[in-house]
Amino acid sequence: MFAPDLFGEGRHAMPLRPGAMLLGGFAAPDAPALLEDLRRVEARAPFRNMVTPGGWPMSVAMTNCGSVGWVTDRTGYRYDPLDPQTGEPWPAMPETFRRLAGRAAEVAGYRGFEPDSCLMNRYEPGSRLSLHQDRNELDFDAPIVSVSLGLPATFLWGGATRADRPMRIRLFHGDVVVWGGPARLTFHGVDTLSGGESPAGERRYNLTFRVAR
DNA sequence: TAGTACCG
DNA sequence: GCTG
């Protein structure tokens, strides 16, 4: 363990590689407010299973908040200022989201993180996300901040190439992973989710903060 | 290849 | 049958 009790009881920071850090339990105190704001966002921009360029629907349901949102369809991946399902702008990023992301980035060594996009992923038992890179952003100077809420999941933490065998890291309610700098384009994914109970019911939410533009 | 199916 |  890198810094036991850096944030208080039962929480810890663990470096995953240069530029990347797991902040165990960092978001746990904020989780009730984050989940409440998540409900407000999804009321205006419902979760939906997007289709990949290959034509297959994703098992993970997604929505966004912020000035742009990550979307995929048969034409490819992109950031869009409008929700293609409603034609409306994505809901504004809640202050609770923005502040948590900024604090987590700072603790991990990235000052002044001001995300313009939050991709919200909803996993149900059986959902998974295969190995990929976050590389649709216009520049890679800013880090990625990833917040886990609800059911635990096995995070697949790979390397700079798809051929690197991923580490398997268990992520729990309130955990935050931050990666940037030399780790910014790390391949990552999520193994098939198992069932169970959690503060968010029988599902897992992931909030991924990016500077897309 | 942010996807599934299939083989060994 | 289960995993990779």
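When the P atom is used for both B:dA5 and B:dT1, the distance is 14 Å, rounded to whole Å. For B:dG3 and B:dC7, the P atoms lie 22 Å apart once the distance is rounded to whole Å.
Remark: P of B:dA2 and CH2 of A:Trp70 are 8 Å apart, rounded to the nearest angstrom. Whole-Å rounding puts the A:Gln133 CD to B:dT1 P distance at 14 Å. One atom, CG of A:Leu185, and another, C1' of B:dT1, lie 15 Å apart when rounded to the nearest Å. For the pair A:Asn206 CG and B:dA2 P, the interatomic distance rounds to 16 Å; values are reported in whole Å. Between A:Glu137 atom CD and B:dA2 atom C1' the separation is 12 Å, expressed in whole Å.
No more than 12 heavy-atom neighbours from other residues, nucleotides or ligands sit within 6.0 angstrom of CZ on A:Arg165. Around atom CD of A:Gln85, more than 12 heavy atoms belonging to other residues, nucleotides or ligands sit under 6.0 Å away.
Side-chain atoms of A:Tyr77 and A:Arg135 include no donor-acceptor pair closer than 3.5 Å. Using modelled atom types and a 3.5 Å distance limit, the side chains of A:Asp134 and A:His132 yield a donor-acceptor pair.
Base pairing in DNA chain C yields no stem of at least 3 consecutive Watson-Crick or G-U pairs with both distances under 3.5 Å.
A:Arg204 forms a cation-pi arrangement with A:Tyr123, by the criterion of a distance under 6.0 Å to the ring centre and an angle within 45° of the ring axis.
Using a 4.0 Å heavy-atom distance criterion, A:Tyr77 is classed as a base contact. Nucleic acid contact for A:Asn136: base, since at least one base atom lies under 4.0 Å from a heavy atom of the residue. A:Arg168 comes within contact range of no nucleotide atom at all, as no heavy-atom separation falls under 4.0 Å.
Annotation: A:Tyr205 is in aromatic contact with A:Phe47 [ring centroid separation under 6.0 Å].
Note: the hydrophobic cluster containing A:Phe209 also contains A:Leu34 (ILVMFWY, side chain heavy atoms under 4.5 Å, direct or indirect links).
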What protein N or O atoms touch nucleotides 3-5 of chain B N or O atoms at under 3.5 angstrom, if any, and at what distances?
from  : atom 1 : to       : atom 2 : distance (Å)
B:dG3 : OP2    : A:Ser130 : N      : 2.5
B:dG3 : OP2    : A:Ser130 : OG     : 2.3

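The partner of B:dT4, taking Watson-Crick or G-U wobble pairs whose two distances both stay under 3.5 Å, does not exist in any strand shown.
Listed for the A:Arg40 side chain is no donor-acceptor partner under 3.5 Å among the backbone atoms of A:Leu35.
Here the straight-line distance linking atom OG of A:Ser146 with atom CG of A:Asn206 works out to 3.5 Å at 0.5 Å rounding.
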